[in-house]
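Report on the structure given below.
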Amino acid sequence: MKHKNNSTAIPNYQLKSGCLMPVLGMGTWKLTGKPCEKAVRWGLELGYTHIDTSDDYMNEEWIGKAIWGLDRSRLFITSKVDDSKLHRNDLIQSCKETLEKLGTKYVDLYLIHRLNPTVPIEESMEAMEELVKRSRVRSVGISNFNIAGIQRAIKATQVPVCNNQIKIHPYHYPSNIVEYCKKNGIVVTAYSPLDTGEIVDDDLLTQIGKKYRRSAPQVSLRWLLENGLIVIPKASSKNHLIENRNIFNWNLSDEDSAKLTQSSRESWRG
Ligand SMILES: NC(=O)c1ccc[n+]([C@@H]2O[C@H](COP(=O)([O-])OP(=O)(O)OC[C@H]3O[C@@H](n4cnc5c(N)ncnc54)[C@H](OP(=O)(O)O)[C@@H]3O)[C@@H](O)[C@H]2O)c1
């Protein structure tokens, strides 16, 4: 794969499965068709290697076009199975379709998108185990799970639950879930790290960013990284992809980090 930039390499977290997961990925919700293909290609040129998708984003085949011909071992692809497909056969079939659309033999991480109370988690996790055994899935995870759900998922399977993908940004920080995951060796991914675009002009983030000549989105992403999280901002614009890529060669001061932590505590009503 060609990397046209010289920006700092993206570090990884090691998952319980042993796989390495880059701490910055490209979110792709609401990106479809040619704009999706184009954005993913730009991201790859900028050195992103981690792509986050889902069976219900309607973009897996466009991501497949963007990654076609690349060295698969250098990519980290996450997909998710919808909560309407959590019975064994549906889950296995859904993964098969995901792999066909992406044009790949395996996904690096496969997540249960959200808990479905009408399907026993044991059945879904058994199907996940089967996919790992068949080398269709490298690591198994969950998304939108609260602590009770995480406990059930862990209990339901022999394979390690490696990742929980949940909504996190400086004004929505479910610290109890984050801490529980960390204690249990589950790496946490912050989805909607820019609150789906709502905090890109936020006053506090902008004010902090001025000191570092960084934008509000960069401050949010950097703060999340410094909290030990994986971030997957979605950007369809090349400039946004570039900006979000540049969050590694600088740090927030303890004082600024504390301001954001304080604000996140005040705004969290979980
Ligand atoms: N597991 C789940 O249930 C779940 C739920 C939601 C999201 N997700 C995942 O998380 C990803 C990210 O969350 P999200 O899509 O809600 O949105 P987000 O990443 O929080 O925000 C995306 C918005 O911010 C804008 N933006 C990005 N970088 C920017 C920058 N540097 N400066 C200014 N604006 C910027 C984007 O604009 P442009 O597009 O115009 O560049 C877009 O409007 C999703 O795409 C998806 O992969 C998972």
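Note that ligands are numbered from 1 as they come in the structure, with each ligand's atoms numbered from 1 the same way.
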Separation of [Y] [atom2] from [X] [atom1] (nearest 0.5 Å):
X    : Y    : atom1 : atom2 : result
I199 : S192 : CD1   : OG    : 9.5 Å
L86  : M125 : CG    : CE    : 9.5 Å
T206 : D201 : OG1   : CG    : 6.0 Å
K80  : C95  : NZ    : SG    : 14.0 Å

Just which atoms of ligand 1 are under 4.0 Å from any heavy atom in [X]?
X    : result
H113 : 1 (N), 2 (C), 3 (O)
N144 : 1 (N), 2 (C), 3 (O)
D52  : 9 (C), 46 (C), 47 (O)
I232 : 9 (C), 10 (O), 11 (C), 12 (C)
Q165 : 1 (N), 2 (C), 4 (C), 8 (N), 9 (C), 48 (C)
Y57  : 4 (C), 8 (N), 9 (C), 46 (C), 47 (O), 48 (C)
T28  : 45 (O), 47 (O)
D195 : 20 (O)

Quiz item: Does K65 pair with E61 as a salt bridge, N-O distance under 4.0 Å?
Solution: no

Self-check item: N-O pairing of E37 and R41 below 4.0 Å
Solution: yes

Any N or O on [X] sitting closer than 3.5 Å to an N or O of ligand 1?
X    : value
S215 : no
V200 : no
H240 : yes
P217 : no

Quiz item: Can you tell which part of K30 has a heavy atom less than 4.0 Å from ligand 1: side chain, backbone, both or neither?
Solution: neither

Self-check item: Proximity to ligand 1 by part of P193, non-hydrogen separation under 4.0 Å
Solution: both

To the nearest 0.1 Å, how far is [atom] from its closest protein heavy atom, and which atom is that?
atom                    : answer
atom 31 (N) of ligand 1 : N244 OD1, 2.9 Å
atom 45 (O) of ligand 1 : W29 N, 2.8 Å
atom 17 (O) of ligand 1 : T196 CA, 3.4 Å
atom 14 (P) of ligand 1 : S192 OG, 3.7 Å
atom 40 (O) of ligand 1 : S236 OG, 3.4 Å
atom 2 (C) of ligand 1  : Y191 CE2, 3.2 Å

Quiz item: Side chains of T53 and N59: do they bring a donor and an acceptor to under 3.5 Å?
Solution: yes

Quiz item: Do S237 and N239 get their side chains close enough for a donor-acceptor pair, meaning under 3.5 Å?
Solution: no

Quiz item: Run the salt bridge (charged side-chain N to carboxylate O under 4.0 Å, His left out) check on E179 and K183 step by step: do they pass?
Solution: CA-CA 6 Å; E179 290 318 313; K183 269 191 202 137; over 6 Å; no

Quiz item: In terms of ring plane angle, is the pair Y212 and W250 parallel, tilted or perpendicular, where the classes change at 30° and 60°?
Solution: tilted

Exercise. Would you tell me which option among Q218, M26, K234 has the nearest heavy-atom contact to atom 25 (C) of ligand 1?
Key: K234

Quiz item: For atom 21 (O) of ligand 1, which candidate among S237, S143, G197 provides the closest heavy atom?
Solution: G197

Self-check item: Set of salt bridge (Lys or Arg N to Asp or Glu O under 4.0 Å) partners for R88, sequence neighbours left out
Solution: E130

Practice problem: Applying side chain to side chain donor-acceptor pair (under 3.5 Å), run through Y191 and D52 and close with a yes or a no. | Solution: CA-CA 10 Å; Y191 80 62; D52 183 81; over 6 Å; no

Quiz item: Is it true that the NZ or CZ of R72 lies under 6.0 Å from the centre of Y106's six-membered ring and within 45 degrees of the ring axis?
Solution: yes

